[in-house]
Amino acid sequence: MENDINSKFLKPYDPKETEDKIYKIWEESGFFNPDVCIEKGVTDKNAEPFCMVLPPPNVTGTLHIGHAAMLTIEDIMIRYARMQGKRTLWLPGTDHAAIATQSRVEKNLEKEGIKKSDLGREEFLKRVEKFAQDSHDTIINQSKKMGSSLDWSREAYTLDADRNLAVRTAFKKMYDDEIIYRGHRIVNWDPKGQTVISDDEIVYEERKAKMYTFKYSKDFPISISTTRPETKVGDTAVAVHPEDSRYSDYIGKTFTINDFCGVKLEIKIIADQSVEKDFGTGALGVTPAHSQIDAEIAQRHNLPTKQVINEFAKMTVGDERILDKKTTIAREAIVEWLKNENLLENEEEISQNVSTAERTGGIIEPLPKLQWFINVNKQIKDRDNKTLKELMLEPVKNGEIKIIPNNFERVYYNWIENLHDWCISRQIWYGHRIPVWYRKTINNYELGITNENNTEIYCNINPPEDIENWEQDPDTLDTWFSSGLWTFSTLGWPNIEAKDLKTYHPTDVLETGYDILFFWVARMILMSTYILGEIPFKNVYLHGLVRDGQGRKMSKSLGNALDPLEVSEKYGADAVRMSLIIGTGPGNDSRMSEDKIRAYKNYANKLWNITRFVLSSTPNIKYDANFNNYSNVDLELIKERDEFIKEITKEMDEYKFYLVGEKIYQYTWSRFADVIIEESKIILSGNDKIAKESREQFLFDTLVKILKVLHPFMPFVTEEIWSMMPIDNKKLLMVEEWPKSERP
RNA sequence: GCGCGAUUAGCUCAGUUGGUAGAGCAACUCAUUUACACUGAGAAGGUCGGGGGUUCAAGUCCCUCAUCGCGCACCA
């Protein structure tokens, strides 16, 4: 019987006509779900599991090209594992991204002239949820367009009911273990976002600033330097180095300054090791309420704390010159006053790092506030008296968790060494509400302001029964708290008997951008080792940023951003996937250009035409995967091909996808098409029946193998071609077996 | 200040345990309807950032300098 060549091959390959259709076939097959694979007999029920969780994209809009790169790398790993017969799960989800989402919606409302306070908490949250839902739908749709073989039946959201239960359960456990505590400390306050943020959410921006050197008063014996004169109205001490002979006579004395720009100061001279003799005047004005370092000094020396700046970055002391003025205005006023009083000794332009909030851009104001923290230095009984820091460090040090590329291991250690307690409470509305209730009393309860540690506290997974006597903490949790639980909250935890949890945790690979190594990867290790006593994943594969052709960051304002959907529409998702993979080693930034994508679109078509040639040259073939009557010439070619497959299989296992993609490209094009097919024309038109049959089988067999190894990279075109291959009893290509390099 | 990268063809990048410098893209010359013009053949293009060292042998290992990029810390 003659095999009819599909007439589709007479036209160039058209990804537009193909990709949506193919994705639908995959979805309807159910094979994205490992349970279905077992049910339908394509995966052995005792097969080794392989699991990845998708780093949940933020529901702040749409996917960018970086997401497309992430989806591609992960889909390659997943499809490869599935074709190797593993019980393969890739679990999707999205992230509520607390601050990021809330501030996006706030900005949108601002355009309509609406403030969130006008709406109130409930109404505002409805708006955020609507926005989040729309973003979610867009994101899911985009992920499908990229060909991601995610198990949609297990989709999760960091703020849905199951994840909320996980969050409350984790919080309660940490509270009971005294890992979570409430404390009055200097925190990073974002006046723009009106919330506290963690150290990791600070972005340093180098800016020019003026450093002023002056005395508090004419009689004061020591000059000090600062870039923030307005904070000096909150000074309670001047610190000098203990061995600084210039100032030793003054140590221990207290000076009263009756009028420092309208404010009375009591300044004690103290000696502290942390002061550098050679910096500035060698003397440091101590402002305990508005500097982390100063607060530490103040604590060591029992100094009073005097808050002079409020949550709106406005002054709370002084007279009309500074009272209620923004810090920047007050600064000018004080400098002006210093000049008039002849106290200013020096004014110098320096460059300094200004702390800004990652999401709002607001300049951070250190303020003393009562907040919730995770203690990273407390010894934990259930974990061999190790601290969270140690728990995070150990599995990476001893190789239980491998980071690829491994130079990031040192970066990780470096971060842990400098780690302070993690502030987890946020004064925003969109997020997991803190599962803590305070007893209402008549006079001592005002939310978050006068409320002190002596209030009766109830912390539990569920609210107290006599709820009318209690008020829940108004704050929500840092978004990374729920993200930290992601590897197991998505698999059924806190039900520790959940089948998925038992089967798939620890997960195999966590693939994500190196930019969230601390935010996310470290926090997952923290949560998993502490809560479950096991690592969250065995391998961490870090990818870099996708930049434009000139190496610049892609951004809307530069106009160089490539929209993954737009280019997929134009060149096909397969071409976009290939161009995102090739030339991209782990941990390195990569470059993207339309030229590159176009090249891989041509490749898809090349493969299409190779198929056309092979099928039209073998019209009577009865493909036999175990054919053994090969000519000597063909045996040589088989040897070479199988060597090639062996090599790329090894490289797949070493996560060198950028290499494998390129090698398959080269083998198919430069070797198979340009040389082998050209030579075949002579053999196929000749009279040697044996040689002809051998060559037909070889061409067909090699095409089959190319389709298989290429499938993880270019799933759409390979599946489409596969569907038209005259092969008996074939499955979908996505669940076919990855070729073995050894011949029987 | 501490740490991490990078520097190889015009551009983007590979380069395994040290063993005759590789690929893609671009540009150049030729072929002209071929399975495929979303094509084929060919040629060109490199003191591997500089200097020093180890070695029979260094793009690769060691030291040093330079330039670029990044992270963390400091930021009186």
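Just so it is clear, the values below take in all heavy atoms, side chains as well, and ignore hydrogens, waters and symmetry mates. Within every chain, numbering begins at 1; the chains are lettered A, B, ... in the order of the sequence lines, protein sequences first and strands thereafter.
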Side-chain donor or acceptor of A:R331 paired with backbone N/O of A:E230 under 3.5 Å: no
Nearest-angstrom distance from the residue atom CD of A:E417 to C1' of B:C4: 14 Å
Given RNA chain B, 5'-ward residue of the pair A:E651 and A:Y600, judged by closest heavy atom: A:E651
Close N or O pairs between protein and nucleotides 72-76 of chain B (under 3.5 Å):
| from | atom 1 | to | atom 2 | distance (Å) |
| --- | --- | --- | --- | --- |
| B:C72 | O2' | A:N418 | ND2 | 3.0 |
| B:C74 | N4 | A:N353 | ND2 | 2.2 |
| B:C75 | O2 | A:N353 | N | 3.0 |
| B:C75 | O2 | A:N353 | O | 3.4 |
| B:C75 | N3 | A:N353 | O | 3.3 |
| B:A76 | O2' | A:S225 | O | 2.5 |
| B:A76 | N6 | A:E276 | N | 3.4 |
| B:A76 | N1 | A:E276 | N | 3.2 |

Geometric class of the A:F672/A:Y667 ring pair [parallel <30°, tilted 30-60°, perpendicular >60°]: parallel
Interatomic distance at P, B:U17 relative to B:C30, whole Å: 45 Å
Aromatic ring pairing A:F255/A:F220, orientation class (parallel under 30°, perpendicular over 60°, tilted between): perpendicular
Whether A:Y655 and A:Y541 hold their rings parallel, tilted or perpendicular, with breakpoints at 30° and 60°: tilted
Length of the CD-C1' vector between A:E206 and B:G71, whole Å: 15 Å
A:T668-A:Y603 side chain donor-acceptor pair, cut-off 3.5 Å: yes
Rounded interatomic separation in angstrom, taking CD from A:E647 and C1' from B:A23: 14 Å
Pairwise P distance for B:U60 and B:U8, with rounding to whole Å: 14 Å
Pair A:T236, A:K268: side-chain N/O donor-acceptor within cut-off below 3.5 Å: no
Aromatic ring pairing A:Y665/A:W669, orientation class (parallel under 30°, perpendicular over 60°, tilted between): tilted
Gap between atoms OH and C1', on A:Y13 and B:U39 respectively (whole Å): 20 Å
5'-most by nearest nucleotide on RNA chain B - A:T611 or A:D674: A:T611
Rounded P spacing from B:C65 to B:C2 in Å: 12 Å
Separation of B:A14 C1' from A:K656 NZ (nearest whole Å): 10 Å
Pairwise P distance, B:G52 and B:A57 [rounded to whole Å]: 15 Å
Integer angstrom distance from the C1' of B:C13 to that of B:U7: 13 Å
Salt-bridge criterion met for A:E17 and A:K8 (N-O under 4.0 Å): no
Side chains of A:S198 and A:D200, donor plus acceptor under 3.5 Å: no
Complementary nucleotide for B:A27 - Watson-Crick or wobble, under 3.5 Å: none
Nearest-Å distance for atom pair CD/P, residues A:E205 and B:G71: 12 Å
Atom pair distance, as rounded to whole Å: CZ in A:R598 and C1' in B:C38: 10 Å
No-hydrogen, no-angle side-chain donor-acceptor test under 3.5 Å, A:H420 and A:D199: no
Close residues, residues 663-670 of chain A, relative to RNA chain B [heavy-atom separation under 4.0 Å]: A:Y665, A:Q666, A:W669
Presence of A:R410 side-chain N/O under 4.0 Å of B:G3 phosphate oxygens OP1/OP2: no
Contact under 4.0 Å: A:K596 side-chain N or O vs B:U12 OP1/OP2: no
Distance in angstrom units between A:L580 CG and B:U12 C1', rounded: 14 Å
